[in-house]
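I have placed the structure first, in the form of structure tokens, so that the comments after it can refer back to it.
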Amino acid sequence: MKLASWNINSIRQRHTHVQQWLTKEQPDWLFLQEIKCQNEQFPAEIFEEMGYQVIVNGQKAYNGVAILSRHPYQLNHTVLPDLNEEDPQARYLEIESQGIILCNLYLPNGNSGGEEGFQRKIHFINTLIKRAEHLLKNKQDCIFAGDFNICPTNQDYAPQTLSSDDALVKSESRNGFYQLLWLGLTDALRAIYPTETLYTFWDYTRGAWQRNAGLRIDHALLSPKIAERLQSFTINKSERDKEQPSDHVPVIIEF
DNA sequence: ATGACCGGAATCTCCGGA
């Protein structure tokens with residue numbers, strides 16, 4: 001099986017990139033984040049014509065997640081269960097397909113909105129930990145993948161790209177990521193590449209791509225049985241070199 | 001010391017992104 005995740009930074013700007021990439025890679029599932037449109041604005045037809053079912057959880061202007069699936073599925077959640085927010089943003093999409101619970105994530109960045117904005121990120125992570133705990137307790141095969149907006153260690157961001165109090169590297173954010181690992185989930189990239197410096201995002205500004213001033217913030221966390229079956233982790237860096245790219249590139253796991 | 005580069009929405013400039 002092949003599962004990919006890609007923060008696309010507007011599906012309307014980059015549906016052709018996705019179409020061409022799908023033709024080449026043919027994943028079983030593609031998780032998209034930051035689609036930046038409402039459900040009815042998502043160009044579903046072009047992907048349906050390619051044999052994908054399209055599940056969209058969008059909102060106006062910002063955020064928004066979607067899953068493209070080659071297989072039948074059951075929709076589980078469009079809001080992270082127990083996330084007690086009055087007006088939850090479109091940052092979560094959970095389905096079951098081929099016997100696996102597939103959770104597509106777009107965590108809050110946490111740098112805007114002051115302390116309140118940061119606490120919303122921490123609340124999201126804590127609620128995610130509870131969801132993972134629940135699924136693992138029930139012995140469910142599951143995958144949590146997407147844009148976590150967390151650099152787990154200092155190796156996961158290029159020197160001088162972020163300050164030590166940035167929400168992507170703050171210990172509260174990282175501790176949440178570590179707690180997911182301590183529950184028994186496997187960081188798929190580190191299972192394959194324990195020590196290499198690898199990034200999945202390069203800022204549009206400051207020549208970040210040319211200087212390789214990147215971040216590793218797009219992750220895939222696997223439940224134990226899936227982790228045992230893990231065969232590869234691929235970062236499609238070449239997408240960052242294309243015309244009008246997203247600032248994130250696709251990441252792919254095979255198992 | 002500061003801005004840079006994007007997309008979206010609502011204007012003739014802003015906010016969020018990471």
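In what follows, chains carry the letters A, B, and so on, assigned in the order in which the sequence lines appear, proteins first and then strands, with residues in each chain numbered from 1.
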Could you list the residues that satisfy ring-ring contact (aromatic ring centres under 6.0 Å, His included) with A:His219, not counting sequence neighbours?
A:Phe148, A:Phe177

B:dC6 P sits how many Å from A:Ile8 CD1, rounded?
15 Å

Sticking with atom P, work out how far B:dG3 lies from B:dC14, rounded to a whole angstrom.
13 Å

How is A:Arg216 classified with respect to the nucleic acid when contacts are heavy atoms under 4.0 Å: base, sugar-phosphate, or nothing?
nothing

In 5'-to-3' order, the base (B), backbone-only (S) or no-contact (-) status of each nucleotide in nucleotides 9-18 of chain B, using a 4.0 angstrom heavy-atom cut-off, is SS----B-BB

Hey, would you say the A:His17 and A:Trp6 ring centroids sit under 6.0 Å apart?
no

Modelled atom types, side-chain donor and acceptor of A:Asn9 and A:Lys36, under 3.5 Å:
yes

Does a nitrogen or oxygen in the side chain of A:Gln244 sit under 4.0 Å from OP1 or OP2 of B:dG7?
no

Suppose we screen for salt bridge (charged side-chain N to carboxylate O under 4.0 Å, His left out). Which residues come up paired with A:Arg190, at least two apart in sequence or across chains?
A:Asp156

Which value, in whole Å, describes the distance between the P atoms of nucleotides B:dG16 and B:dA10?
15 Å

For nucleotides B:dT2 and B:dG17, find the distance between their P atoms and express it as a whole number of Å.
22 Å

Any donor-acceptor N or O pair under 3.5 Å, side chains A:Thr197, A:Gln155:
yes

Please confirm whether A:Arg91 makes a cation-pi placement over A:Tyr106, using NZ or CZ under 6.0 Å from the six-membered ring centre and within 45° of the ring normal.
yes

P atoms of B:dC12 and B:dA1, separation to the nearest Å
34 Å

